[in-house]
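Step one of this worksheet: look at the structure below.
As the structure is a computational prediction, the values presented were derived from the model and not from experiment.
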Amino acid sequence: MDIRVVTGNTKATLSLSGRFDFSSHRAFKDAYHELVSNPQLQLIEVDFEKVEYLDSSALGMLLVLREKMVAVGKKVELTSVQGTVNQVLEIANFKKLFAIR
């Protein structure tokens, strides 16, 4: 998986591409680690436009990110969710935990 990070004033976007699975664990954590503690950022947007696959370990990574962000009073949004990625998130009831667009 490839991750591109774009940081704005109060929002950072993690643009993912490829397969989001267990092999992405270190790269995903490294991408958001500094962002969580940045006092200016209030939102991390995870862009799924170019994600072709995600598995249960990816769901777990998203839950860990959400937990870390909520602990510091910040939010996570999942964007450009489509196709099978959207189906997996729906089955996992992620709409109850995340804003999904």
Side-chain angles (χ1 to χ4, degrees):
M1 180 178 73
D2 235 6
I3 304 173
R4 193 183 81 207
V5 180
V6 177
T7 307
N9 291 334
T10 61
K11 176 177 102 172
T13 301
L14 302 179
S15 296
L16 313 179
S17 62
R19 294 175 60 90
F20 188 15
D21 57 21
F22 184 75
S23 67
S24 311
H25 181 262
R26 174 62 58 197
F28 186 69
K29 184 178 178 183
D30 289 348
Y32 74 70
H33 180 72
E34 298 285 325
L35 302 174
V36 173
S37 60
N38 182 330
Q40 291 178 317
L41 292 178
Q42 295 302 309
L43 172 68
I44 291 180
E45 173 185 337
V46 183
D47 181 359
F48 281 88
E49 182 176 7
K50 296 179 181 175
V51 174
E52 56 200 40
Y53 172 85
L54 82 158
D55 66 7
S56 60
S57 62
L59 298 177
M61 289 182 256
L62 290 169
L63 290 173
V64 169
L65 171 59
R66 180 183 179 275
E67 181 180 293
K68 290 180 181 294
M69 291 290 282
V70 167
V72 293
K74 300 178 183 184
K75 296 181 181 180
V76 178
E77 283 185 1
L78 311 180
T79 61
S80 300
V81 174
Q82 53 201 341
T84 57
V85 171
N86 187 46
Q87 291 173 342
V88 171
L89 294 173
E90 281 184 11
I91 290 167
N93 266 339
F94 268 46
K95 289 186 178 195
K96 291 183 178 182
L97 301 172
F98 295 90
I100 299 177
R101 299 187 282 119

Checklist entry - Who pairs with Tyr53 by side chain to side chain contact (heavy atoms under 4.5 Å, CB included), at least two apart in sequence or on another chain? => result Arg19, Asp21, Asp55
Is the shortest side-chain heavy-atom distance between [X] and [Y] below 4.5 Å?
| X | Y | value |
| --- | --- | --- |
| Leu63 | Phe98 | yes |
| Leu54 | Leu59 | yes |
| Arg4 | Val6 | yes |

Next on the checklist: With clusters defined by side-chain heavy atoms of hydrophobic residues (ILVMFWY) lying less than 4.5 Å apart, directly or transitively, does Val64 cluster with Leu14?
Outcome noted: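 Yes: a chain of side-chain contacts under 4.5 Å links Leu14 to Val64.
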Next on the checklist: Assigning hydrophobic clusters by single linkage (Ile, Leu, Val, Met, Phe, Trp, Tyr; side-chain heavy-atom cutoff under 4.5 Å), is Val46 placed with Val70?
Outcome noted: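 Cluster IDs for Val46 and Val70 differ.
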Next on the checklist: With a sphere of 6.0 Å drawn around CD of Glu90, does it hold more than 12 non-hydrogen atoms of other residues, nucleotides or ligands?
Outcome noted: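 Yes, because the 6.0 Å sphere around CD of Glu90 holds more than 12 heavy atoms from other groups.
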Item to check | Residues forming a side chain to side chain donor-acceptor pair (under 3.5 Å) with Thr7, sequence neighbours excluded | outcome: none
Checklist entry - Sub-3.5 Å donor-acceptor pair from the side chain of Lys74 to the main-chain atoms of Ile44, do we have one? => result no
Checklist entry - Between Leu62 and Leu97, does a side chain to side chain contact (heavy atoms under 4.5 Å, CB included) hold up when you go through it step by step? => result CA-CA 10 Å; Leu62 290 169; Leu97 301 172; over 6 Å; no
Look up atom [atom1] in [X] and atom [atom2] in [Y], then write down how far apart they are to the nearest 0.5 Å.
| X | Y | atom1 | atom2 | value |
| --- | --- | --- | --- | --- |
| Gln40 | Asn9 | CD | CG | 7.0 Å |
| Tyr32 | Lys68 | OH | NZ | 5.0 Å |
| Leu43 | Lys75 | CG | NZ | 8.0 Å |
| Ser57 | Phe20 | OG | CZ | 7.5 Å |
| Ile3 | Thr13 | CD1 | OG1 | 13.0 Å |
| Asp2 | Leu16 | CG | CG | 9.5 Å |

Item to check | Considering all heavy atoms, the nearest Leu35-Ala12 contact | outcome: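 Nearest pair, atom of Leu35 first, then Ala12: CD1-CB, 3.8 Å.
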Item to check | Worked check of side chain to side chain contact (heavy atoms under 4.5 Å, CB included) between Val72 and Val36 | outcome: CA-CA 8 Å; Val72 293; Val36 173; 4.1 Å; yes
Next on the checklist: Under the criterion side chain to side chain contact (heavy atoms under 4.5 Å, CB included), I'd like the reasoning laid out for Asn86 against Phe48: C-alpha separation, chi angles, the key distance, then a yes or no.
Outcome noted: CA-CA 9 Å; Asn86 187 46; Phe48 281 88; over 6 Å; no
Checklist entry - What residue pairs, at least two apart or across chains, pass salt bridge (charged side-chain N to carboxylate O under 4.0 Å, His left out) with a residue in residues 23-51? => result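 Output for this query lists Lys11-Glu45, Arg26-Asp30.
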